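This report refers to the structure that appears directly beneath it.
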Protein chains: 2
Amino acid sequence: MVSRYGRAAVILRPVPASGGNLPSTGRGRRAARPSGDDRELAILATAERLLGERPLSAISVDDLARGAGISRPTFYFYFSSKDAVLLSLLDRVVSEAEAAMRAVFGTPAATSREGWHRAIAAYYETFRAHRALTVAWAEARTSSEEVRALWSSVFERWVQQCAAAVEAERARGAAPAGLPSRDLAVALTSMNERVLYATFSGDGPSVAEGDVVEVLLGIWLSAIYGRTPTG
Amino acid sequence: MVSRYGRAAVILRPVPASGGNLPSTGRGRRAARPSGDDRELAILATAERLLGERPLSAISVDDLARGAGISRPTFYFYFSSKDAVLLSLLDRVVSEAEAAMRAVFGTPAATSREGWHRAIAAYYETFRAHRALTVAWAEARTSSEEVRALWSSVFERWVQQCAAAVEAERARGAAPAGLPSRDLAVALTSMNERVLYATFSGDGPSVAEGDVVEVLLGIWLSAIYGRTPTG
DNA sequence: CCCGTATCTCGACACCACGTTGACTCGTTC
DNA sequence: GAACGAGTCAACGTGGTGTCGAGATACGGG
């Protein structure tokens, strides 16, 4: 099992002997048939490749199946839908995003400016590294409840970290009181999200990719500190 | 002709005697058949009603046709697709948005704060008044090139007005130099867009509807002036 | 009054994508 | 070698889109 979103048919079946008796995928490669995990991986790889070429809505289940060298019904043996494939791919991005979050908010910064810079740069970098997936994520959000929920959970955690950091800055007197920290964090994070999406997708007017972190950082700092802090 | 997006079949036909020989829709109502304009209006009204109930993707052409009391093929006599109906509805919103823009940026404000408050409140109000349409607009942006282009044009004009206003404030010494005014305007407008969408659609964490204008305004002011200006 | 033309209407069709069914193959295990 | 589970796919049903071509209906001109 590669991911919790894969192997739909198996998941729906009544759980068999919940003690971990995984199939013997460990021993030397079987020539005859590629294992299920190989197929699953092939589908995921195909999806990621095609997403680099065209939007999710222009990719059919048949495209994914053919790309992985299987027929369409067989695809459904591995995933319950196109969305499940996306969700599976997003799992990886979400893990990276959370790791980045922990790294950034877990270690103290020399200056306030540096701290926020690191946070925004990490946010930017996580999604830049998977831009096709990020764009597809935003696209699928409007059509899939699960995709929307996954996004919301990532967004929410980010907002909480930021709001807590704002509170901390206020508590130590570095930032003035002002808007409720949560509202501030929600609005600023929304800005990041939308600006990065526009920049990555090329959809409509946006900010040049090389400047985007500086622009966002500038607005975050003035919104949090009232004016750019020196330390 | 009700809108430039309607009457697909007619539009595609070679233009007939471009002098305005509209059908005699003025005289007393014809009982037998409702006129074409009535049908067109009925389709638009149905679309707006259904958008209040469910997302665009969950509304079929058949739903629109039945709602207007016609068959599906007849629908295609009036509109070339579902998207064309949406575009037609959006025409109205776009006009209102532009009227609001002119009203706000065309008249001087007593204070800077009041000026920006009026601008953001107008933006908010325009889309709040058509929230179902606004949400559908954002949804269709990912699937229709034309919808995306329409959004971009509205966004772009708004950004230009704001960037110009920022430049004016800087020129008269009310605002300090800082980020390029266009980048600032793009990022802040993106924030407005995303926050309002989340608030109206209820999709994911957002700001309470009653507070949204104040929150956005606060961030705009600190981003433009460095700290909240008093006058 | 009848005829032509433009407007309008819809049954029937072709197409495409989705997701399911049921029969089949092929290793593995006892 | 029988039984089982994993994996596979042809064929099917469903539901959506958009088109075609044959009609109906009104209206203006001869």
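Here the structure is a predicted model, which is why all the values come from computation and not from measurement. Every chain is numbered from 1, with letters handed out A, B, ... down the list of sequences.
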> Which of the following nucleotides, D/dA11, D/dT8, C/dA12, is nearest to the side chain of B/Arg72?
Replying inline: C/dA12
> When the ring planes of A/Phe200 and A/Tyr124 are compared, do they come out parallel, tilted or perpendicular, using 30° and 60° as the limits?
Replying inline: tilted
>> So if I take every side-chain heavy atom of B/Lys82 and compare against D/dT17, C/dT9, D/dC20, which nucleotide ends up nearest?
In response: D/dT17
>> When you measure only distances, ignoring hydrogens and angles, does the side chain of A/Arg39 come within 3.5 Å of the base of D/dG7 through a donor and an acceptor?
In response: no
> Taking the side chain of B/Thr74 as its heavy atoms from C-beta onward, which of C/dC10, D/dC12, D/dC9 lies nearest to it?
Replying inline: C/dC10
> Between B/Phe79 (CZ) and C/dC8 (P), how many Å, whole number?
Replying inline: 13 Å
> In whole angstrom, what separates B/Asp83's CG from D/dG16's P?
Replying inline: 16 Å
>> Rounding to an integer number of Å, can you tell me how far A/Ile70 CD1 sits from D/dA10 P?
In response: 12 Å
>> I need the CZ-P distance between A/Phe77 and C/dT25, as an integer number of Å.
In response: 18 Å
> If only atom types and distance count, is the side chain of B/Arg148 paired as donor or acceptor with the main-chain N or O of B/Arg141 below 3.5 Å?
Replying inline: yes
> OH of A/Tyr76 versus P of C/dT21: gap in Å, rounded?
Replying inline: 13 Å
> Which residue lies toward the 5' end of DNA chain C, B/Ser71 or A/Ser60, if each is placed at its nearest nucleotide?
Replying inline: B/Ser71
> Roughly, in whole Å, what's the span from CD in A/Glu40 to P in D/dT8?
Replying inline: 12 Å
> In whole Å, what is the span from the CG atom of B/Asp62 to the C1' atom of D/dT19?
Replying inline: 16 Å
> Rounded to the nearest Å, what distance is computed from the CG atom of residue A/Asp63 to the C1' atom of nucleotide C/dA17?
Replying inline: 11 Å
> Is the A/Trp116 ring parallel, tilted or perpendicular to the A/Phe105 ring (thresholds 30°, 60°)?
Replying inline: perpendicular
>> So does A/Leu56 get a backbone contact from the side chain of A/Glu139, meaning a donor-acceptor N/O pair under 3.5 Å?
In response: yes
